[in-house]
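Lettering of chains follows the sequences in order, A, B, ..., and the numbering in each one begins at 1.
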Amino acid sequence: MAKSIDVSDLNIYYGDFLAVEDVTIPIAAKSVTAFIGPSGCGKSTFLRSLNRMHEVIRGARVEGKVLIDGQDLYGADMDPVNVRRMIGMVFQRPNPFPTMSIYDNVLAGQKLNSKRMKKTEADDIVERSLRSAGLWAEVKERLDRPGSGLSGGQQQRLCIARAISVEPEILLMDEPCSALDPISTSVIEDLIHELKSQYTIVIVTHNMQQAARVSDETAFFNLSGVGKPGRLIEHGRTETIFSNPTDSATEAYIQGRFG
Amino acid sequence: MTTTLTPPPVDVSRELYGAQLPTWGPRAVIAAGLLGAAAAYAVGANLLEAALVAWLICMVLPLWSAAVEGRRKATDRLVTTLVTSAFALAMFPLFSILWTVISKGSKVLSAEFFTYSMRNVVGEGGGIYHALVGTLLITGAAAVISIPIGIFAAIYLVEYAEGNRLSRWIRFLVDVMTGIPSIVAGLFAYALFVLFFGEGVRMGIGGSVALSVLMIPILVRSTEEMLKLVPNELREASYALGVPKWRTVAKVVLPTSLAGIVTGITLSIARVIGETAPLLIIVGTTDSVNFNLFNGRMASLPVFAFASQRNPGIPPQFSIDRAWGAALVLLVIVMLLNLIARLVSYFFSPKGER
Ligand SMILES: Nc1ncnc2c1ncn2[C@@H]1O[C@H](COP(=O)(O)OP(=O)(O)O)[C@@H](O)[C@H]1O
Ligand SMILES: [Mg+2]
């Protein structure tokens, strides 16, 4: 199931503005990779280029290569819609569909694409996804209530359930816990640990402890200066990056001396 | 000799508590204003003069406040009084119209008034059935024409155009069209239909076309605003699930903004249902019921009211009463449409925790 990602020499633009320069990084299947770095260094931009969400913005484009299990993500015959079915995404702010019930939110990927399903099959998917997202016990009595009536942490887990209900190969998470309280955060961290057995996970976080707790690999991004593009400074095993970084900027950032 | 210690003078500007008017103060002033107005009316002033007396008495409040509370609060009371007066002034024509139409129009209302046409009616009796049918058919057809065009144009502008040059032109033209005088819309429809059917054509559908010209820009504008209110995050959430753009528009964006769009539709119908001039040109009027939008003259409520008071016949009173009745029915329809718009936006908007 889970797939690996291989990025080489990737430049990412907004119109003429080069936001991220020259990223090369391999991401192994069934691993958790954390992206850390100061605000504005292009973590979100890079993450969004991994499932072709970047090009949704007008004038946005990329140069370089991204291989998913050896297939060129930006190849001419790749359909971005299919790419996004295969590579799911969880956003910084929980964004359940306000017009849909909790049940329909979980099935949004199928319903919006008008996929036909038997009722029992649909019920199964909903229960399985909500269980994996650790939300089943809290909402099983009120699946027909609007998803926007849940708390922030519950909404975020609902969005995770929605992302995994279409069974993607890779899960991208952009600061999924930044708007959540510590308890919801630890629930989601546990969840990431469990999901790791099935999915390749890439997570952006501003929280060093979180990166240390959940990830196998860590990549540090930084800006070379104001108005300059963001760059990947170094990446490697999380223990190594945290205990023995090569670059002095990485060490300073991890120890909280800037950013 | 004893010396008395005098306390230092109080610095008033640093006190937390200041002198205040009693809480019943403003109410008392308003009551005094009303009493003064009543008194003025009793001694022979007309309504306008009485209202002026009431207003002048109300202006005592800021003066009183200046004497007791000081400058800052007096300014506050003055501005509050002025703003409230402006509001009352704005309400005045509204209530005046309502009162006139209801008092003059309600006496002809009867079962016969709603179920009879004016065919072969001279003098008393008859009704507005034919005009009611005409208004509903013509406006209904106008809605059928304008709703798809207006909504699709708005979807193009918000979801697909991305600010390109064509969209800027469309937006400009829509703004210009919003200001088109209704008579011009009527002449346009007439000229268009003359091309196909020759001089002197009279058709209900022509009126619908004219009303559409007036409705479409309103619809485009209101729908556009509603679509813009849909947060981009929802579109991105949908794309990230592998949903194509058109499905995202149809199943996420439109349902999320449905309440606002339907409200806009209802209000645009309310806006054109009372149009007289374009219908006068292309639809004309008649005394009989005509269900066929594509053949011949049709009556409509506004044109019926106009024609009844223009050519009242002898004696004129019955016809003029019917004109007021038609005006009242039109007013009630517009009010109902506004009420529906409110209910729709209440019941259809996405529900969070309520
Ligand atoms: N939609 C956009 N249009 C233009 N520039 C953008 C857009 N989004 C982000 N950027 C720019 O790209 C750079 C990286 O931003 P981002 O990826 O959001 O950083 P991070 O997630 O690391 O805080 C910033 O300089 C930002 O101003
Ligand atoms: Mg970011």
Side-chain angles (χ1 to χ4, degrees), chain A residues 44 47-48 50-59 79-101 104-115 142 145-151 155 158-159 162-168 171-174, chain B residues 151 155-168 170-171 223-264 344-354:
Chain A
S44 303
L47 194 73
R48 288 165 60 95
L50 296 181
N51 69 341
R52 298 191 62 168
M53 281 297 287
H54 179 61
E55 67 207 50
V56 167
I57 296 163
R58 198 156 78 97
D79 178 357
V81 169
N82 288 334
V83 167
R84 293 178 204 136
R85 280 177 201 166
M86 191 173 73
I87 309 180
M89 186 157 205
V90 176
F91 296 82
Q92 182 170 359
R93 289 231 320 246
N95 51 3
F97 296 114
T99 48
M100 297 186 191
S101 64
D104 288 347
N105 258 295
V106 177
L107 285 181
Q110 291 86 340
K111 294 225 159 175
L112 294 176
N113 277 319
S114 300
K115 202 173 144 196
R142 45 172 174 162
R145 303 290 307 280
S148 42
L150 298 173
S151 77
Q155 287 189 17
L158 179 61
C159 292
R162 179 175 73 185
I164 57 187
S165 84
V166 292
E167 305 194 324
L171 195 57
L172 308 176
M173 305 174 122
D174 191 354
Chain B
I151 290 185
I155 290 178
Y156 171 77
L157 287 178
V158 177
E159 305 290 333
Y160 289 92
E162 300 180 332
N164 62 17
R165 189 172 309 168
L166 177 62
S167 78
R168 284 201 296 274
I170 297 180
R171 232 175 238 130
T223 310
E224 211 190 333
E225 294 309 319
M226 290 306 137
L227 295 180
K228 279 192 199 153
L229 284 184
V230 176
N232 221 8
E233 283 137 47
L234 294 183
R235 297 186 181 91
E236 295 209 329
S238 173
Y239 296 149
L241 288 167
V243 180
K245 182 160 187 168
W246 70 272
R247 281 193 198 272
T248 302
V249 171
K251 296 194 163 182
V252 175
V253 178
L254 285 180
T256 308
S257 50
L258 184 68
I261 294 176
V262 176
T263 307
V344 163
S345 71
Y346 179 78
F347 283 108
F348 281 68
S349 23
K351 291 170 193 61
E353 40 216 310
R354 261 218 317 226

Review point. Checking salt bridge (charged side-chain N to carboxylate O under 4.0 Å, His left out) for the pair B/E236/A/R84: CA distance, chi angles, key distance, verdict?
Key: CA-CA 11 Å; B/E236 295 209 329; A/R84 293 178 204 136; over 6 Å; no

Practice item. Check the pair B/V252, A/L112 against side chain to side chain contact (heavy atoms under 4.5 Å, CB included), reporting the backbone distance first and the verdict last. Key: CA-CA 8 Å; B/V252 175; A/L112 294 176; 3.7 Å; yes

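When all heavy atoms of A/P98 and B/T256 are compared, the pair lying nearest together is CG-CG2, 4.0 Å. Counting all heavy atoms, side chain and backbone alike, A/V81 lies closest to B/P244 at CG2-CA, 4.0 Å. Scanning both residues, B/L234 and A/N95, for their nearest heavy atoms gives CD2-O, 4.0 Å.
For A/R93, the part lying near chain B is the side chain, with the backbone staying farther off; criterion is any non-hydrogen pair under 4.5 Å. Heavy atoms of A/F91 lying under 4.5 Å from chain B belong exclusively to its side chain. Proximity to chain B (any heavy atom under 4.5 Å) is shown, for A/L172, by neither the backbone nor the side chain. Contacts of A/N82 with chain B are absent, with no heavy-atom separation under 4.5 Å from either backbone or side chain. Proximity to chain A (any heavy atom under 4.5 Å) is shown, for B/S238, by both the backbone and the side chain. With a 4.5 Å cut-off on non-hydrogen atoms, A/P96 touches chain B through its backbone but not through its side chain.
The environment of B/K228 atom NZ is dense: over 12 non-hydrogen atoms of other residues, nucleotides or ligands sit within 6.0 angstrom. Counting non-hydrogen atoms of neighbouring residues, nucleotides and ligands closer than 6.0 angstrom, the CZ atom of B/R171 exceeds 12 such neighbours.
Without hydrogens or angle criteria, B/K251 side chain to A/K111 main chain gives a donor-acceptor distance under 3.5 Å. Checked by atom type and distance alone, the side chain of A/N51 never pairs as donor or acceptor with a backbone atom of B/A240 at under 3.5 Å.
In this structure the side chain of A/S114 reaches within 4.5 angstrom of the side chain of B/R247, judged on heavy atoms.
Expressed to the nearest 0.5 Å, how far CG of B/L241 lies from CZ of A/R85 amounts to 10.0 Å.
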